[in-house]
Protein chains: 2
Amino acid sequence: MDARVDEEPGGGGQTRIQAINREIILQAALEVFSVHGFRGSTLDQIAAKAGLSKPNLLYYFRRKQDIYEAVLRDTLALWLEPLAAIRADGEPIEELRRYITFKLRMSREQPQASRLFANEILAGAPAIGGFLASDLKALVEEKAGVIRGWVTQGRLAPIDPVHLIFAIWATTQHYADFEVQIRAILGDQVDGRGFPEQAAQAVLSIILNGVRPRA
Amino acid sequence: MDARVDEEPGGGGQTRIQAINREIILQAALEVFSVHGFRGSTLDQIAAKAGLSKPNLLYYFRRKQDIYEAVLRDTLALWLEPLAAIRADGEPIEELRRYITFKLRMSREQPQASRLFANEILAGAPAIGGFLASDLKALVEEKAGVIRGWVTQGRLAPIDPVHLIFAIWATTQHYADFEVQIRAILGDQVDGRGFPEQAAQAVLSIILNGVRPRA
DNA sequence: CTGACATTTGACCAATCAGTCAAGTTTCTG
DNA sequence: CAGAAACTTGACTGATTGGTCAAATGTCAG
C-alpha cells in the first residue's frame, strides 16, 4: 500500500536507498539527455548507464518526462546562479570578468548541464519555455538594467546590455556545447594544462576590451 | 530492373520528378532534423512534412541515415563559405566585420542549418566528425595563420586566433541556435525591423573593439 | 496510343519504445 | 527475528520505429 506520504519516491522525504538511487538515475539521465535530447534518449539507455532495470527506473520516476524535468530543474538554478551574482555596486569590468570566469568554469566542470539546455532550447524549449519567459526574462531584464546604468555613467562603452549578455552566454557555453568541434580542431591540446586559462584569456580579452569605455 | 545508372534516384542524373521530390524531402528533413536531431526525428515526421508517404521517402533515400547525411552535406559547404572568404591581403578589421556580418545574416536566413549542426555536434558529431578533423581543421588553421599574421604586424590586438574564430562562431550562431530563448526574453521585439541591425551592431561593437589594436 | 520505366502506396515485419504488473527479494522497525 | 514496507525484476503490452515488398498507378518517348 501507500507508504507514508513523506516517503513516497517522488515526495520530499526519502529513504536512504531512494536518495542514493534517485541521484544515480539523475546523473545517468543527464549523461544521456545531454547528448541526444529528450526525444532521442531512451529509458533503456538511462537504465543501462544507471545500472538499474527499466522497471526500477520507473519505480522512482513514473514517466520518462518526469526524469527529464527533474534533471532540468536540478540544473536550472545552478545555471542562473552566476548571472544573479552580478552586483550593481561593483566595478563594471570586474563584475563582468567575474561573471565570464564563472561561466567558463561551469562550461568546463558541468559541460553536460550546458548541453542539456542547448538540446532543450534547440527542441523549442517545450519543458522550460514558461520558465524562460518568466524567471529568466525577469533576471535578464534586471541585470540589463544594471549594465545599462553602467553605460549611462560612462563606465562601459555604449552597448546594448541584453546583447552583451547573449554574447557572454554564447562565447562561454560554446566551450561546452561545441566541445567535440573544438576537440576536432585543436586535438589533445584541449586536455592540456594551459587550455582553460588560454580560453579564458581570449574570451576575457575580446569581451572586456570590447566593452571597456573608450576615451 | 535497374534504371540507367545515371538516372538512379541516388545518382547524379535525375528525372524531373526526382529533382523536385528530393528537394522537397531535404527541405522537410532539414526542418525536422534541425529541431530534434537525428535520433529524435522520425521518418513519419519527415514524410508528413514533405507531403509524401514513408515508402515514397525510402524510394528516394534508402535509409534515414542517407537523408540525414544528404541534408548535412548540402549545408556544410554553405556553412564554411564565409570563413573561406577571409582574405589575408584585406584590412583586418574590415575582413572580420565582413565575416561577422555574413555569419549573422546566415543565422537569420538559415537558422535551421545552424541548428542542424548544433544538434549534430551536441550528439558527438557522429556523421561529420571526420570532416571536422580534416577539412574544417585545415581551414581554421589556415585562417588562424592569417589572423596571427595580422596580430604579429600589430594590426590586431594580441589574441589567440583560434579562440577568436570560436568567439565569432559562438556569438553569431547563438542567434539561430538559441532563438527560442532570445524570443522568450525579448518577445516580439525579435520580429521588429531594427532587430537584425541591433544585434549586428552589438556583436560587431564587442568583438571588433575587442580585437582592435590598442595604442 | 502503347509499352517500358518511373513513381507511389497499402500492407506488412521485426525491432524498439514507454510503461504495467504481479511476484519476488531486501531492508528496516519494533 | 518476525512482519511490514520498501525495493527489484522478468515477463508482458500496445504503440511507434525504420524498413520491405508486391502490386498499382503515373509518365513519357517513340
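Any value given below was found using the heavy atoms of this structure, including those in side chains, with hydrogens, waters and symmetry copies removed. So you know, we letter chains A, B, ... as the sequences are listed, proteins then strands, and number each from 1. Here the structure is a predicted model, which means the values were calculated and not measured.
Each of B:I17 and A:R39 lies near DNA chain D, and the nucleotide nearest A:R39 is the one positioned closer to the 5' end. Each of B:R16 and B:R63 has a nearest nucleotide on DNA chain D; the 5'-most of these lies closest to B:R63. Residues A:Q45 and B:L52 each lie close to DNA chain C; by heavy-atom proximity, the contact nearer the 5' end of the strand is made by B:L52.
Heavy-atom contacts from other residues, nucleotides or ligands closer than 6.0 Å to CD of B:Q201 number 12 or fewer. The environment of B:D188 atom CG is sparse: at most 12 non-hydrogen atoms of other residues, nucleotides or ligands sit within 6.0 angstrom.
Rounded to whole angstrom, the span from the CZ atom of A:R22 across to the P atom of D:dC7 amounts to 11 Å. Residue B:I46 contributes atom CD1, which lies 11 Å from atom P of D:dT17 at whole-angstrom precision. Atom-to-atom, OH of B:Y59 to P of D:dA24 comes out at 18 Å; the value is rounded to the nearest Å. The distance from atom NZ of A:K54 to atom P of C:dT16 is 11 Å, rounded to the nearest whole Å. For B:H36 and D:dT17, the NE2 to P distance is 11 Å, given to the nearest whole Å. Between the C1' atom of C:dC21 and the CZ atom of A:R62 lies a distance of 14 Å, rounded to the nearest Å. For the pair B:I20 CD1 and D:dG26 P, the computed distance is 17 Å after rounding to whole Å. Across the protein-nucleic acid pair, B:L57 atom CG and D:dG18 atom P stand 10 Å apart, rounded to whole Å.
The side chain of B:T15 places an N or O atom within less than 4.0 Å of a non-bridging phosphate oxygen (OP1 or OP2) of C:dT7. OP1 or OP2 of D:dT8 lies within a sub-4.0 Å distance of a side-chain N or O belonging to A:Y60. Between B:N21 and C:dA6, a side-chain N or O to OP1/OP2 separation shorter than 4.0 Å is absent. Contact annotation: A:N56 does not reach the phosphate of D:dG10 (side-chain N/O to OP1 or OP2, under 4.0 Å).
Ring geometry for B:Y68 versus B:F38: interplanar angle of 30 to 60°, hence tilted.
For A:D44, the salt bridge (charged side-chain N to carboxylate O under 4.0 Å, His left out) test picks out A:K54, with sequence neighbours left out.
The A:D44 side chain lies nearest to C:dA18 when the options are C:dA18, D:dT27, D:dT8. Considering only side-chain atoms of B:K64, the nucleotide from C:dT7, D:dG18, D:dC7 that sits closest is D:dG18. For A:L58, whose side chain is taken as the heavy atoms from C-beta onward, the closest listed nucleotide among C:dT9, C:dT20, C:dA18 is C:dT20. For A:Q18, taking side-chain heavy atoms from C-beta onward, the closest of the listed nucleotides D:dC7, C:dC28, D:dG19 is D:dC7. The side chain of B:L43 lies closest to D:dG19, out of D:dG19, C:dT27, C:dT9. Among the nucleotides C:dT8, C:dG10, C:dA18, the one closest to the side chain of B:P55 is C:dG10.
Looking at A:E95, its side chain never comes within 3.5 Å of a backbone N or O of A:A88 through a donor-acceptor pair.
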Pairs of donor and acceptor atoms involving the side chains of residues 24-35 of chain B, under 3.5 Å and at least two apart or interchain, shall be tabulated with distances.
{"residue": "B:Q27", "atom": "NE2", "partner": "B:E31", "partner atom": "OE2", "Å": "3.1"}
{"residue": "B:S34", "atom": "OG", "partner": "B:L30", "partner atom": "O", "Å": "2.7"}
{"residue": "B:S34", "atom": "OG", "partner": "B:E31", "partner atom": "O", "Å": "3.3"}

